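All of these numbers come straight from a predicted model, not from anything done at the bench. Lettering of chains follows the sequences in order, A, B, ..., and the numbering in each one begins at 1.
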Amino acid sequence: DGGITQSPKYLFRKEGQNVTLSCEQNLNHDAMYWYRQDPGQGLRLIYYSQIVNDFQKGDIAEGYSVSREKKESFPLTVTSAQKNPTAFYLCASSFSVPTEAFFGQGTRLTVV
Amino acid sequence: GIQVEQSPPDLILQEGANSTLRCNFSDSVNNLQWFHQNPWGQLINLFYIPSGTKQNGRLSATTVATERYSLLYISSSQTTDSGVYFCAVLGEGNKLVFGAGTILRVKS
């Protein structure tokens with residue numbers, strides 16, 4: 001099946017640890033995005049990438065890092081520098097020309 | 001950057017009622033989408049509608065790009081329509097920018 005796969009669905013992390021969230025797509029999309037959603041809030045853009053080996057900061061990039069070594073994959077690392085990492089993280093992808101974007105099912109990260 | 005405003009922020013309906021959700025944006029766009037976020041958090045694509053009108057069952061959407069707004073119509077609402085509705089536009093640098101959403105509650 002074509003789509004966007006995020007893993008894991010739930011993730012628990014101890015304070016001070018880095019953690020990496022996976023996002024894989026087999027839609028041949030060029031662009032990929034990472035968003036953060038806090039309870040009762042909208043989506044805020046963390047990082048996005050329009051092409052392999054290139055990515056740009058979004059509105060709330062501090063404390064996060066990404067890589068785009070392959071077209072299909074856009075992993076997000078939540079570092080210990082992120083002061084309040086507990087949130088719902090959503091990954092999306094689209095073709096590079098303005099077209100419809102699609103989302104994965106999300107990862108719920110809880111810092112314990 | 002581009003600003004996206006949605007209204008109303010909250011809406012409570014009786015089952016069977018109709019509703020209109022609005023999305024205003026501050027600059028011209030060539031990409032606009034409507035999403036429904038279900039109780040499990042997944043974003044479901046409703047419409048990709050940079051301009052014009054589209055219909056899908058009980059839902060329809062209209063975007064008037066020259067006046068910088070889009071409307072989502074829900075007719076004969078059902079309890080399964082409950083959730084959060086987001087609109088999103090493609091802004092400068094191909095950033096997908098979301099509005100704050102409309103929380104819809106449909107009561108049986």
Mind checking whether [X] and [Y] sit in one hydrophobic cluster, side chains of I, L, V, M, F, W, Y counted as touching below 4.5 Å?
X	Y	value
Val78(A)	Phe74(A)	yes
Val106(B)	Leu59(B)	yes
Phe88(A)	Val66(A)	no
Leu90(A)	Val111(A)	no
Phe98(B)	Leu46(B)	no

Give, as side chain, backbone, both or neither, the part of Leu43(A) having an atom under 4.5 angstrom from any heavy atom of chain B.
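Both backbone and side chain of Leu43(A) come within 4.5 Å of chain B.
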CD1/Ile44(B): more than 12 non-hydrogen atoms of other groups inside 6.0 Å
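It does: Ile44(B) CD1 has more than 12 such atoms within range.
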Got a sec, which residues hit side-chain hydrogen bond (donor to acceptor under 3.5 Å, both in side chains) with Arg58(B), two or more places apart in sequence or on another chain?
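Expected list: Asp81(B).
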Interchain contact, Leu90(B) with chain A, by part (heavy-atom threshold 4.5 Å)
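Only the side chain of Leu90(B) comes within 4.5 Å of chain A.
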Anything under 3.5 Å between chain B and chain A that's a donor-acceptor pair? List each one with its distance, please.
residue  : atom : partner   : partner atom : Å
Asn31(B) : ND2  : Thr99(A)  : O            : 2.8
Gln33(B) : OE1  : Ala101(A) : N            : 2.6
Gln33(B) : NE2  : Ala101(A) : O            : 3.2
Gln37(B) : OE1  : Gln37(A)  : NE2          : 2.9
Gln37(B) : NE2  : Gln37(A)  : OE1          : 2.8
Gln42(B) : OE1  : Gln105(A) : NE2          : 3.4
Asn45(B) : ND2  : Glu100(A) : OE2          : 3.0
Asn45(B) : ND2  : Ala101(A) : O            : 2.8
Tyr48(B) : OH   : Pro98(A)  : O            : 3.0
Gly93(B) : O    : Tyr48(A)  : OH           : 3.4
Asn94(B) : O    : Tyr33(A)  : OH           : 3.0
Asn94(B) : O    : Gln50(A)  : NE2          : 3.4
Asn94(B) : ND2  : Gln50(A)  : OE1          : 3.4
Lys95(B) : NZ   : Asp59(A)  : OD1          : 3.4
Leu96(B) : O    : Tyr35(A)  : OH           : 2.5

